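Computed from a prediction, not measured in an experiment: that's the story for all the values here. Computation of the quantities below employed the complete heavy-atom set of this structure, encompassing side-chain atoms and omitting hydrogens, waters and symmetry-equivalent molecules. The residues of the chain are indexed from 1 along the displayed sequence.
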Amino acid sequence: MTVLEALRAGLGDLTRFKGLRQRVEMLVEGQATDWVSGNGGWLVIPLQRDPQGFYLLSEDREGQRRGREVLQAFLGPATATIEAVQLSTAEQADRSLQVAGLVQVSYVRRAAVAPVELLDRLEDAVATVRGRDARVRPIRHSHIDLLRDFRLALLQRDSRLAEQALQDLRLTGQLSAENLRFLRIELLGELGRWRELRELPYLAELLRTRRSRAVNEVLLEMLWWTEVADLCAAGLTPQDVYESTGLGARYGSLAAAVDVPASAGGRAVAAVDALTRGDDERFQRLLHVADDAERERLHRLGALAQPAAQPTTTGGADVRALFEDGQYEVVIQAFLNTADPEIAEFAVQAVLDIADHANGSVVLEIVQALVVEERISLDRRLNRDIDDLARFVDSTCKGWVEWSSRLSRDDRWPKAAEVLRSQHAQWEGLGTLEASKLSQLASDVLDGWTGANADQVAMVLDLLCLAAADTASTAQAVEFCDTVLVVLADQQNMSAPVREAYLVLLDQLLQAAPAETRYRELLDQVGTLWRRVASPTVFDWGLGLVEVLLNTPAPDLGSRAATVMEVLGRGQDFQKRLNLRQRSELEVLAEEVGMPLQIVQEPTEETDGTWRQLDGRVVGLYSLLPRAAESLEKRLSRLCSLKAVEGNADTVSTTALQSLARRADYLIVDTWHASHSATGAIDAARPRSRQILPRGRGVTSFLQALEHSLSPAATNS
């Protein structure tokens, strides 16, 4: 039954309107024609029910709220009051409305005014609303917001969201082709698609350009997986590996572009380069950051190395050779030691090529002094490189405190967000800062939020949440965590990356077992944020909130139950717009907390077919989360007929873990709750492309990731 048919069924005899019948019919049909389902809309029509009169109708509570605001403004208490009523199956009009989905109803009770006056005002209200386009317009996000979404999707290993964000970035036209290539490399690297990355048609051209550290990190790990790993496993010497792979001839300065890479694969490539060149100091730095297992591998590689001639840096010719050989750190140090004008251009280029934040300002200062003394002849290229170096130094921060101090100033810093995103990975973690500096950081961030750089704080709110989460268990970071929560409370509509990062922060804050008063404060904010963004499109986030609350300590069980029920209750309001998996999870969680909930199951053929792919299959789950496999099996049992859900929580490589990785039809790897040694064993037994990597930290996120892997788009990719 259509909305118009339902409204006509409920109208009854309009002769009671005595001369106003045509106007009432036009009012009803105009609203029904313009009706857009699922858009928080509302209707006001007369119904043939007790009491007779006009009623405000909507699909959900949001529609009622909007309708009440408009009608109260146009009618006023002297004309009518609006009273909520319940539909009854005994009324024919009510049954028609329920079939059409108009389940929220309020009675417009006319005061002591003539019916024509009420109708006049209702017509004015409806005409005003109809003058607005009810279609949902897409929001055009800025390229800065899209970059944030892209990187958070990579952090959560969500290939679908990352690909979509990259496509949206391309359509903005704000990024150069080179920058888009860099982002493509980051995407392929984070997802472990090394062969695809190695076969990019523009890779050779890219290796000749200046690259960011993040891109260099990805390319180094690509070298390890596609070129170096097999040769090292075969027992070749570092010199033979270097020659066989052509690290110098084919990849230029890449092997030396990052002194100490962040990944184990990148460090292995750097070790091959250092041992071949005889750079023992760099090799020792690589050993210093490695764990025990990696250090043992590097020692074995070092034992195979042949003695190498030590580089010399006695003159410009030697430095040129070192520069062309990619030994940028040696070039920079030679310039700092000698301030030789002949090698200034090489030092400037070296700083830019490896993004040397530590030495950039010193090199710039020396070069500028040489220019003033007219000891350097500036050509077009060197002049451009010095300008680039000046901009690089200007946007360089050595740590969180320096960044926040500049953020808090009264003058605008339009690159604050960009600096934090590009450099924070190289800074010392907040856990290493003393209490006074953390307090200063909190104060500076709050000043930035209330000052000239509020937009920059909003752009990095996801990073601030993650940084606060890393320190949530320490007493000295309470002020910083509270500052981040204050900024969050001021957000009118948190973006998806910020919402997901907030879940991480909330999880860590609750894991720290706060006092009862503090716990209630956190729950109050949870409720406020949920009410602000609650809708069918973010219901998965609501499920994530419930997961966090149920899986963390609760000093006040009553408050937790009330918050959980509020989230699930809103899910019931728009359950007809939820998919099969969401409705199933809503039902399971409601049962777990003892909440009465009536779920209307309306699976579509397409949705049923998606989950039926799991019939008779084995789903493997690697997670250190307690009872994760049991909970996952319980939820999946409502969606399909599995053969089994097999869980594993080993913290090291075991036969059982390797066996599960090989034979499971679908394997979910919970990297949020995992052991590095165990995930390494899984990677060795099963490629990343055949692993399902959840974005979040609970069973809900496992189901979401599994649902995505079963979708036709994921199957065809």
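For the pairing with Arg635, the salt bridge (charged side-chain N to carboxylate O under 4.0 Å, His left out) check across Glu585, Glu630, Glu587, Glu707 returns one residue only, Glu585.
Looking at Arg617, its side chain never comes within 3.5 Å of a backbone N or O of Leu642 through a donor-acceptor pair. Of the possible donor and acceptor atoms, none in the side chain of Arg267 sits under 3.5 Å from a partner among the backbone N and O of Leu286. For the pair Ser637 (side chain) and Lys634 (backbone), a donor-acceptor distance under 3.5 Å is present. Ser631 places no side-chain N or O within donor-acceptor distance of the main-chain N or O of Arg627, the cut-off being under 3.5 Å. Asp462 places no side-chain N or O within 3.5 Å of a backbone atom of Pro497 that could act as its donor or acceptor partner. No donor-acceptor pair under 3.5 Å is formed between the side chain of Glu186 and the backbone N or O of Val218. Looking at Asn216, its side chain never comes within 3.5 Å of a backbone N or O of Val258 through a donor-acceptor pair.
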Report the C-alpha distance between Glu516 and Arg520 in whole Å, list the side-chain angles of each, state the deciding distance to 0.1 Å, and finish with yes or no for salt bridge (charged side-chain N to carboxylate O under 4.0 Å, His left out). CA-CA 6 Å; Glu516 186 173 336; Arg520 289 200 199 98; 2.2 Å; yes
For side-chain contact (heavy atoms from CB on, under 4.5 Å), just list the numbers for Trp427 and His424, CA-CA rounded to whole Å, side-chain angles, deciding distance to a tenth of an Å, and then say yes or no. CA-CA 5 Å; Trp427 299 343; His424 79 280; 3.9 Å; yes
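Shown here are the side chain to side chain donor-acceptor pair (under 3.5 Å) partners of Ser659, two or more places apart in sequence or in another chain: Arg663.
Looking at Arg193 and Glu163, a side-chain N of the basic residue comes within less than 4.0 Å of a carboxylate O on the acidic one, giving a salt bridge. Salt bridge absent: Arg577 and Glu59 never bring a charged side-chain N and a carboxylate O closer than 4.0 Å. Checked for salt-bridge contact, Glu196 and Arg184 meet the test: a charged N lies under 4.0 Å from a carboxylate O. The pair Asp540-Arg581 meets the salt-bridge criterion, with a side-chain N (NZ, NE, NH1 or NH2) lying under 4.0 Å from an Asp/Glu carboxylate O. Checked for salt-bridge contact, Arg570 and Asp60 miss the test: no charged N lies under 4.0 Å from a carboxylate O.
Crowding of Arg421 atom CZ: a count of heavy atoms from other residues, nucleotides or ligands under 6.0 Å exceeding 12. The number of heavy atoms from other shown groups lying within 6.0 Å of CD (Glu591) is above 12. Atom CH2 of Trp225 is surrounded by 12 or fewer heavy atoms from other residues, nucleotides or ligands within 6.0 Å. Around the CZ atom of Arg532, the shell of radius 6.0 Å holds more than 12 heavy atoms that belong to other residues, nucleotides or ligands.
In this structure, Gln167 and Leu171 have side chains that are in contact, with non-hydrogen atoms separated by less than 4.5 Å. You'll find the side chain of Arg690 stays beyond 4.5 Å of the side chain of Leu667, heavy atoms only. Proximity of Arg170 to Leu175: side-chain heavy atoms (C-beta onward) are nowhere separated by under 4.5 Å. Counting heavy atoms from C-beta on, the side chains of Val669 and Ile692 never come closer than 4.5 Å. Between Leu485 and Phe480, every side-chain heavy-atom pair lies at or beyond the 4.5 Å cut-off. The shortest distance between side-chain heavy atoms of Glu500 and Leu466 does not fall below 4.5 Å. Looking only at side-chain heavy atoms (C-beta outward), Leu298 and Leu287 come within less than 4.5 Å of each other. Within the 4.5 Å cutoff, the side chain of Thr245 has no heavy atoms near those of the Leu223 side chain.
If you take CG on Asp670 and CZ on Phe702, they are separated by 3.5 Å, rounding to the nearest 0.5 Å. A distance of 13.0 Å separates CG of Leu464 from CE of Met459, quoted to the nearest 0.5 Å. Distance CG/Leu523 to CG/Leu506: 8.0 Å, rounded to 0.5 Å. Taking CG from Leu632 and CD from Glu646, the interatomic distance works out to 12.0 Å, rounded to the nearest 0.5 Å. For the atom pair OG1 (Thr700) and CG (Leu550), the distance works out to 9.5 Å, reported to the nearest 0.5 Å. Note: Trp224 CH2 to Ser263 OG = 10.5 Å, rounded to the nearest 0.5 Å.
Closest approach of Gln508 and Ala472 over heavy atoms only: CB-CB, 3.8 Å. Contact detail for Ser584 and Leu639: the closest heavy-atom pair is CB-CD2, 3.8 Å. Pairing each heavy atom of Val619 with each of Leu614, the nearest pair is CG2-CD2, 4.3 Å. The two residues Thr471 and Cys481 come nearest to each other via the heavy atoms OG1-SG, 4.2 Å. Between Ala468 and Val484, the closest heavy-atom pair is CB-CG2, 4.1 Å. Contact between Leu657 and Asn648 at its shortest, heavy atoms only, is CD1-OD1, 3.5 Å.
Classification of the Phe539-Trp530 ring pair by plane angle, with boundaries at 30° and 60°, yields tilted.
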